[in-house]
Amino acid sequence: MSTLQKEQYIELAVGQETCAIRIEEVHEIIKMLSITDIPFSRNEVKGVVNLRGKVVCVMSLRNLLGMSDEPYTRATRIVVVRYRDEFVGLIVDKVNKVTTYGEIHPPSTGQGRGREGVFLGIGQREDQLIGILKLEEILGG
């Protein structure tokens with residue numbers, strides 16, 4: 001059994017996709033806050049929020065995964081992750097649950113640097129496959 005299988009994950013919904021982040025990379029999950037815009041920033045950077053006195057950059061996971069924006073709903077959350085000794089907020093449509101996966105498959109290495117590059121692996125539970133996000137790849141872009 002690989003260490004990835006013993007780990008816990010936070011399962012997220014982004015559009016019709018379900019993906020997961022390793023729980024140890026998640027600092028906290030908060031409800032949507034008012035976001036201060038940063039002029040001239042990349043499209044996926046939505047701005048900054050004040051999180052108990054810390055300024056945290058907030059990015060759209062939809063945009064980072066190549067999807068277009070949708071209006072925020074009551075289920076929209078900001079998943080605050082640790083990345084290179086800083087906190088970054090990722091806007092997701094919904095946080096589903098904390099889970100583990102019985103099996104984890106390596107990500108497919110199909111056609112070069114496509115969306116597969118953003119996954120650490122593919123978690124499997126019954127007949128459902130969930131991509132486990134590689135934060136380094138998504139945020140390092």
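- For CD of Gln16, the number of neighbouring non-hydrogen atoms (other residues, nucleotides, ligands) closer than 6.0 Å is 12 at most.
- Taking both residues in full, the closest heavy atoms of Tyr9 and Ile132 are given as CE2-CG2, 3.6 Å, listed atom of the first, atom of the second, then distance.
- Here CD of Glu17 is found 10.0 Å from CZ of Arg62. Values are rounded to the nearest 0.5 Å.
- Of all the heavy atoms in Tyr101 and Gly123, the pair that sits closest is CG-CA, 3.7 Å.
- Here the side chains of Ile130 and Thr99 are not in contact, with every heavy-atom distance at 4.5 Å or above.
- Listed by chain and residue number, Glu11 satisfy the salt bridge (Lys or Arg N to Asp or Glu O under 4.0 Å) test with Arg125 (two or more places apart in sequence, or in another chain).
- Taken from CG in Leu139 to OH in Tyr83, the straight-line distance is 5.5 Å, to the nearest 0.5 Å.
- Considering only residues two or more places apart in sequence or on other chains, Arg84 meets the side-chain hydrogen bond (donor to acceptor under 3.5 Å, both in side chains) condition with Glu136.
- Within a 6.0 Å radius of CD in Gln124, more than 12 heavy atoms belonging to other residues, nucleotides or ligands are found.
- Nearest approach of Leu133 to Cys19, heavy atoms of both residues: CD1-SG, 3.7 Å.
- Contact of the Val79 side chain with the Ile10 side chain is not registered, since no non-hydrogen atoms from C-beta on lie closer than 4.5 Å.
- Of all heavy-atom pairs spanning Pro107 and Ile122, the tightest one is CA-CG1, 4.2 Å.
- Residues Arg77 and Lys94 fail the side-chain proximity criterion, which asks for heavy atoms closer than 4.5 Å.
- Within the 4.5 Å cutoff, the side chain of Val118 has no heavy atoms near those of the Lys134 side chain.
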Q: Apply side-chain contact (heavy atoms from CB on, under 4.5 Å) to Asn63 and Lys46, showing your working.
A: CA-CA 10 Å; Asn63 294 166; Lys46 296 305 171 194; 2.9 Å; yes

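- In this structure, the separation between CG on Leu12 and CD1 on Ile21 is 5.0 Å, given to the nearest 0.5 Å.
- Rounded to the nearest 0.5 Å, atoms CZ (Arg82) and CD (Glu28) are 10.0 Å apart.
- Between Leu90 and Leu64 there is a side-chain heavy-atom pair separated by less than 4.5 Å.
- In this structure, Glu44 CD and Cys57 SG are separated by 9.5 Å, a value rounded to the nearest 0.5 Å.
- Residues Leu120 and Ile104 form no side-chain contact, since every pair of their non-hydrogen atoms from C-beta on lies 4.5 Å or further apart.
- Side-chain heavy-atom separations under 4.5 angstrom define the hydrophobic clusters, and the remaining members of the one that includes Leu51 are Ile30, Met32, Leu33, Ile35, Val49, Val56, Val58, Tyr72, Ile78, Val80, Phe87, Ile91.
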